[in-house]
Engineer: 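Input: one structure, supplied below.
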Amino acid sequence: MIEQHGSEREALRTVGAPIRRYGGAARVSGQQDFLADLPFPDAAAVALVTLPVACATVTGIDGKRAMEMPGVIAVVSAADLPQPVPRFGISHQDRPVLADGEVLFHGEPVAAVVAETLDQAEAGAREVEVAFEERPGVYNVDQALATGAPLVRDPSRRPEDDENRDSNVLETALYEWGDTTAAAGEAAVIVENTYTFPMVTHFPIEPGGTVAVPTDAGGLDIYSPVQHPYLLQRTIATVTGLPLSQVRVFAPDPGGGFGGKQTPRLEPLLAFLALQTGRPCRLVLSLEQTFQMMRRAACRVKARTGFADDGALIFHELHCDFLIGAYADVAPRVMTKGSYVGAGPYRIPHARTASRAVMSNTTPSTAFRGFGAPQVAWATESQLDAGARALGLDGLQIRRRNLVNVGEAFFRGPYEATADGHWHEALEKAAELIGWGQPLAPGRGRGIAVAIKPGATSGLSQSLVRFLADGSAIAYAGTSDMGQGARTLWQQILADELGSPLDKIRVVSGDTGVVPFDLQTSASRSTVFMGNAVLEACRDIRKRVLALFAESTGVDEAMLSEAPGVLITPDGELSLLEASRIALGALGGEFVGQGTARMRGRKGHPLGGDAAFYEFNCTAIEVEVDVETGELLLHRHVSVSDVGTELNPIQVTSQDEGASIMGLGHSQMEQLLLDDHGVIRNLGALDYRIPTFKDVPVELITHGIENHDGPGPYGSKGISEGALLCTAGALGSAVSDAIGIPIRDLPLTPERVWTALHPDAADHPGGEEPA
Amino acid sequence: MRYYRPATTAQAVAALASQPHTSRILVGGTDLLVAVRHRSAQPTLVVDIKGVRDLTAPISVDEQGITFGPTATMGDVIAHPTVREWFPALVEAAGLVGSVAIRNRASLIANSANGSPAADTSPPLVSFNASVTITSVSGERTSLLREFFLAPRRTLCEPGEMVTSLRVPRPSPGSSSAFERMTRRRGVDLATCSVGAVVDADGAMTVGLGALGPTTLLGGPVAPIDLTSQEQLERAVDALLAPATPIGDIRAGKAYRTAMARVLARRAVLRAAARRTDPDRLTGRSS
Amino acid sequence: MIPTEDQSADEVGADLVVVTCSVNGESARVSVPPHRTLMDALRNELGLTGTKTCCAEGECGACTVIVDGATVNSCLMLAAEAEGCDILTVEGLGAGEPGGLCDLQESFLEAGAVQCGFCIPGQVMAAEYLLRTNPDPSVDEIREGMSGNLCRCAGYQRIVAAVELTARKRATR
């Protein structure tokens with residue numbers, strides 16, 4: 001486990017202060033180079049060929065006409081790739097570099113056209129003739145699980161001992177303790193309901209893209225705004241057969257990631273195009289294409305929950321079906337991890353969560369802020385409210401009754417998990433900030449909800465720090481800075497630990513050629529993992545300064561000690577810079593420190609290891625419902641997270657506000673709608689709606705509970721996902737409080753709320769009626 | 001695609017006539033360039049009329065009404081004091097079209113004359129009895145806006161023609177108007193449905209209906225009622241919505257759209273009626 | 001070619017339009033295909049990549065620039081339409097200011113309004129226009145004035161704070 005550093009925080013100068021974002025000036029002045037801004041004067045442009053259906057057998061691809069078009073350099077389909085067509089993926093190597101004889105989701109590319117200009121590539125792509133036969137596909141949970149449903153994956157492609165190979169179920173998870181069946185008899189009240197959570201897409205404002213550049217040495221430089229440059233490097237090396245040393249990944253800062261830029265998708269294709277044409281190949285995605293590259297798994301949860309008459313949970317049963325899409329990506333992990341905390345942060349004697357990752361002919365789903373937890377929390381939190389209503393309790397009372405105390409298990413069994421924070425403090429703070437129990441104006445309702453998410457369960461982050469002769473410093477840290485502000489934290493840590501001025505500190509990331517290994521930027525891990533690695537590197541430097549100072553001056557090492565920014569000598573304190581100058585002497589030079597944060601998994605653990613920390617959040621919302629139209633006006637939205645220590649308060653606030661509003665997106669308005677052919681009907685910004693300035697609640701209040709009890713530097717925890725874990729639960733609870741009717745399907749669009757108020761008006765809500 | 005920036009109306013219509021089926025007029029571009037991007041429009045010739053010297057002025061007021069030229073933007077409409085005084089429903093509608101940046105460019109005439117049944121400005125314009133002038137190499141003709149719309153995105157404006165002005169007669173003394181719209185989110189959005197209502201001094205009511213049929217529709221006129229009577233109001237709304245034929249689509253189901261038409265019509269009528277005596281200017285729905 | 005005396009459309013051959021305009025106070029001249037948007041011309045022809053591309057259909061505001069004093073989604077304006085126009089992009093906003101940032105840009109940093117930063121150039125341009133047309137906006141007016149600019153990091157509260165901060169700074173200037 002990771003070393004604790006809580007005790008030294010008093011000595012800090014910049015940590016805990018709202019330091020300005022590292023790289024902020026470049027971002028406000030338009031100087032920040034995102035992928036699409038990088039100049040590649042010799043690059044050829046790439047356009048993709050796709051089909052107007054989601055599920056089809058491809059019987060022929062004819063690129064002859066396209067090849068005759070002006071400027072076209074190459075038309076590449078699966079037949080032009082190594083055979084069998086290379087496939088890649090995290091847990092399942094199932095995704096082909098290009099569609100190989102079949103298309104399994106809307107937007108899956110069947111061919112790529114490389115041309116001198118983008119106009120020419122796009123014109124060429126329109127001339128590629130693809131012969132295909134549409135096949136029946138499965139586009140929702142019911143279709144995918146129906147008897148005799150068309151199979152997304154042919155059984156021949158699955159292991160023979162896979163008991164689910166003749167179905168669309170890719171993987172399952174079962175977490176169980178106690179005996180829910182037997183316990184049913186003890187319950188005073190049992191509530192049983194089904195909840196749904198829609199497919200939503202990340203909608204990063206930077207759509208992203210990839211540039212693959214063949215090097216003179218026969219290798220590849222890959223430019224892609226990815227969260228995991230080292231995973232991309234390994235994937236490219238694997239599919240092309242190149243050694244890692246010949247694949248260098250440059251990862252310009254992602255313009256928003258949210259989990260959507262973690263895994264490779266089109267980069268392997270671009271790598272092959274570059275190798276085949278010998279040209280740098282550039283593909284900048286449209287926003288529409290990102291919709292076809294990333295989304296959150298939809299989920300249907302059947303829940304059955306029993307309570308004692310004082311509100312205590314007796315048992316909780318969940319059946320979760322995650323609609324994961326056409327390829328595995330990291331979706332099986334989303335299913336297992338989201339389900340692990342599905343029962344919530346509660347004291348439950350008997351629990352059973354049975355989940356399935358169900359394949360469908362839709363965009364492969366991937367990591368998305370919250371990683372499966374929001375989907376199940378929607379059901380569990382709504383069930384707590386259903387129990388409260390049945391027992392005459394309110395939402396706060398029932399959560400007070402059941403929320404675990406610090407150190408108490410919410411997940412039981414041999415791999416039990418316990419509360420690693422004082423979560424009741426967050427619950428009470430949120431209740432106070434929302435004005436729980438105060439009289440409500442007519443037409444309004446209040447709701448409160450809680451949820452948790454496991455942080456990373458294993459990890460490796462390495463960092464190098466160079467302390468230069470003039471007291472300036474450079475940190476090499478592979479975390480992708482996609483808006484969370486990771487580099488600002490490294491800068492703060494260096495400033496405090498080495499005594500270097502903030503403006504003399506540089507952070508280098510996004511280049512596998514020079515920056516040491518970092519497993520990934522995900523699961524809100526970086527503050528804890530990379531933060532500890534950077535901290536260790538700084539302390540390594542101080543030890544080296546001390547040792548060399550002793551050697552250079554002849555002062556006994558035992559007489560020296562070091563502290564943040566200083567070397568303490570028998571003659572008094574020296575700044576680290578002074579001490580290092582004396583230590584380095586006439587030759588000059590610099591000090592290089594190294595730090596590693598490694599967390600090994602735990603054998604047999606259902607998640608592969610214990611979570612390094614848990615994100616806990618309590619959200620409370622006061623809403624006004626226009627009962628004539630179903631429109632919601634959020635008067636107050638409160639989000640309280642257990643944050644350990646706020647290393648940079650303004651960044652914590654930004655993350656919490658941002659996650660809160662993103663949570664309102666899937667709670668209120670976002671959903672991908674498909675037609676009968678599996679084609680995304682709201683493909684693009686015009687009809688896929690995300691929150692705008694005007695959708696922000698009248699008052700949005702975030703608060704962090706600081707007990708300095710996290711495993712990260714100075715007692716910090718990861719914080720970037722908490723505030724959207726239970727947004728839906730809080731809003732659903734508030735709406736049902738206002739209108740007296742619970743709604744169990746997201747998003748809570750005006751139409752859905754109105755329909756709940758008018759159950760007699762039988763109709764398909766908008767978008768659910770085929771065009 | 002060719003780009004052409006004529007200096008006179010004659011040049012513009014001649015250019016349109018040269019490629020009548022594949023030429024398109026460009027003013028704000030907020031509609032056309034989206035269509036070009038999606039290849040739902042593939043013009044061979046784009047005629048940018050913003051440099052045409054003899055074009056109808058953006059906004060000119062006379063005793064009998066207001067004439068809008070093709071280059072009047074939503075921003076111009078919203079800012080114009082006489083438009084604000086005479087046509088509050090139009091100002092409310094124009095203020096809901098897109099974002100500020102869109103409204104800085106989008107042309108009132110183009111918004112309406114494109115013939116989208118969901119266009120925000122069409123319901124008030126229809127309820128105000130607006131008419132358009134259509135120009136081609138063979139001359140000019142005028143049409144009432146409500147007769148101008150034929151089908152979704154199909155109008156009386158034939159290939160080779162362009163709408164060169166929009167005339168809105170001055171409302172009768174003592175009347176007022178209001179615009180109501182339903183959307184899926186509070187921020188910038190396309191209308192699920194919309195209603196622009198005009199209530200005359202004597203209480204007679206007319207509505208323009210958006211996204212409630214294949215074209216913008218005119219409802220009413222309906223004779224004056226006692227607005228405090230729920231029953232009379234509901235009957236009047238029935239009559240005003242008689243032409244509506246709501247359907248289900250990606251933005252709403254049929255039942256919801258039908259119900260919202262009633263809510264919006266009721267709200268628009270009441271707000272327009274109240275505004276006759278208490279000109280609350282442009283205090284629209286807080287959205 | 002269509003019957004016209006206008007030579008500009010044909011100046012450098014049938015497929016290109018020559019556009020002369022002012023960009024950030026400097027005269028600029030580009031030859032572009034007629035379908036080229038102002039957004040693409042700024043980014044590709046003039047190398048002003050501070051103007052960003054997201055939805056490319058006027059819904060997100062990432063490409064917002066100020067043309068002849070008013071904000072425009074540069075994805076919905078042809079480069080050809082910019083003939084004779086005065087264009088201000090994010091690169092021009094802080095030019096000549098100490099540190100290269102104007103008071104508004106400084107306020108964005110001060111208020112913590114910048115997360116991933118991709119939408120920020122567009123936000124800054126929209127905010128600049130808002131403050132020029134309404135020097136003392138209310139929160140509601142800021143939300144309305146900025147609602148064409150999406151931020152998926154959802155830094156909306158911080159951006160509102162940055163606009164308010166700038167308004168205060170300018171009022172006391």
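Numbers restart at 1 for each chain; the letters A, B, ... are given by sequence-line order, proteins then strands. Being a predicted model, the structure only gives us computed values, none of them experimental. Any value given below was found using the heavy atoms of this structure, including those in side chains, with hydrogens, waters and symmetry copies removed.
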Engineer: Roughly how far, to the nearest 0.5 Å, is the CD atom of C/Glu26 from the CD1 atom of C/Ile87?
Structural biologist: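 Going from CD1 on C/Ile87 over to CD on C/Glu26, the span is 13.0 Å.
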Engineer: Is the backbone N or O of B/Arg186 less than 3.5 Å from a side-chain atom of B/Thr183, with the two atoms forming a donor-acceptor pair by type?
Structural biologist: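 It does not hold such a pair.
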Engineer: Hey, does the side chain of B/Arg105 reach the backbone of B/Thr73 with a donor-acceptor pair shorter than 3.5 angstrom?
Structural biologist: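 Side chain of B/Arg105 to backbone of B/Thr73: no pair is present.
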Engineer: So which of C/Ala80, C/Gly148, C/Ala70 has the biggest tally of heavy-atom pairs under 4.5 Å with chain B?
Structural biologist: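 The residue among C/Ala80, C/Gly148, C/Ala70 with the greatest pair count is C/Ala80.
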Engineer: For B/Leu190, is there any backbone N or O sitting under 3.5 Å from a side-chain donor or acceptor partner on B/Arg251?
Structural biologist: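 Absent.
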Engineer: Report which part of B/Val34 has an atom under 4.5 Å of a heavy atom belonging to chain C: side chain, backbone, both, or neither.
Structural biologist: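 Both parts, heavy atoms under 4.5 Å.
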Engineer: For C/Leu78, is it the side chain, the backbone, both, or neither that has a heavy atom closer than 4.5 Å to a heavy atom of chain B?
Structural biologist: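 Contact with chain B: backbone and side chain both.
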Engineer: When you measure from the side chain of C/Arg132 to the backbone of C/Pro135, do you find a donor-acceptor pair of N or O atoms at a distance under 3.5 Å?
Structural biologist: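 Answer holds: no.
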Engineer: Would you please name every residue forming a side-chain hydrogen bond (donor to acceptor under 3.5 Å, both in side chains) with C/Ser27, sequence neighbours left out?
Structural biologist: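 If we apply the side-chain hydrogen bond (donor to acceptor under 3.5 Å, both in side chains) test to C/Ser27, skipping adjacent residues, there are no hits.
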Engineer: Is there a salt bridge (charged side-chain N to carboxylate O under 4.0 Å, His left out) between B/Glu85 and B/Arg275 once you walk through the steps?
Structural biologist: CA-CA 11 Å; B/Glu85 185 186 336; B/Arg275 207 172 240 169; over 6 Å; no
Engineer: Between B/Arg271 (side chain) and B/Phe179 (backbone), is there a donor-acceptor pair under 3.5 Å?
Structural biologist: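 The answer is yes, because a donor-acceptor pair under 3.5 Å joins these two groups.
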Engineer: Output the option from C/Glu81, C/Met146, C/Met77, C/His35 having the highest count of non-hydrogen pairs under 4.5 Å with chain B.
Structural biologist: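 Option with the top pair count is C/Glu81.
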Engineer: Return the option, out of B/Leu26, B/Val36, B/Asp31, with the maximum number of heavy-atom pairs under 4.5 Å with chain C.
Structural biologist: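 Highest number of heavy-atom pairs under 4.5 Å: B/Leu26.
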Engineer: What's the spacing between B/Phe68 CZ and B/Ile59 CD1 if we round to 0.5 Å?
Structural biologist: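 Between B/Phe68 CZ and B/Ile59 CD1, I get 5.0 Å after rounding to 0.5 Å.
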Engineer: Just to verify, what does C/Tyr156 make a ring-ring contact (aromatic ring centres under 6.0 Å, His included) with, not counting sequence neighbours?
Structural biologist: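 For C/Tyr156 the ring-ring contact (aromatic ring centres under 6.0 Å, His included) partners, ignoring immediate neighbours, are A/Phe693.
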Engineer: Is B/Leu32 in contact with chain C via its backbone, its side chain, both, or neither, using a 4.5 Å heavy-atom distance?
Structural biologist: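 Neither the backbone nor the side chain of B/Leu32 comes within 4.5 Å of chain C.
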Engineer: Say whether, by atom type as modelled, one donor and one acceptor occur between the side chain of B/Glu180 and the main chain of B/Ala268 under 3.5 angstrom.
Structural biologist: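 Such a contact is absent between B/Glu180 side chain and B/Ala268 backbone.
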Engineer: Which residues from residues 55-65 of chain C are near chain B, with near meaning under 4.5 Å between non-hydrogen atoms?
Structural biologist: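 Contacts with chain B: C/Cys55, C/Ala56, C/Glu57, C/Gly58, C/Glu59.
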Engineer: Which residues in residues 91-123 of chain C have any heavy atom lying under 4.5 Å from a heavy atom of chain B?
Structural biologist: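 Within residues 91-123 of chain C, near chain B: nothing under 4.5 Å.
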Engineer: Do B/Thr56 side-chain atoms and B/Thr164 backbone N/O form a donor-acceptor pair below 3.5 Å?
Structural biologist: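 Yes: the side chain of B/Thr56 pairs with the backbone of B/Thr164.
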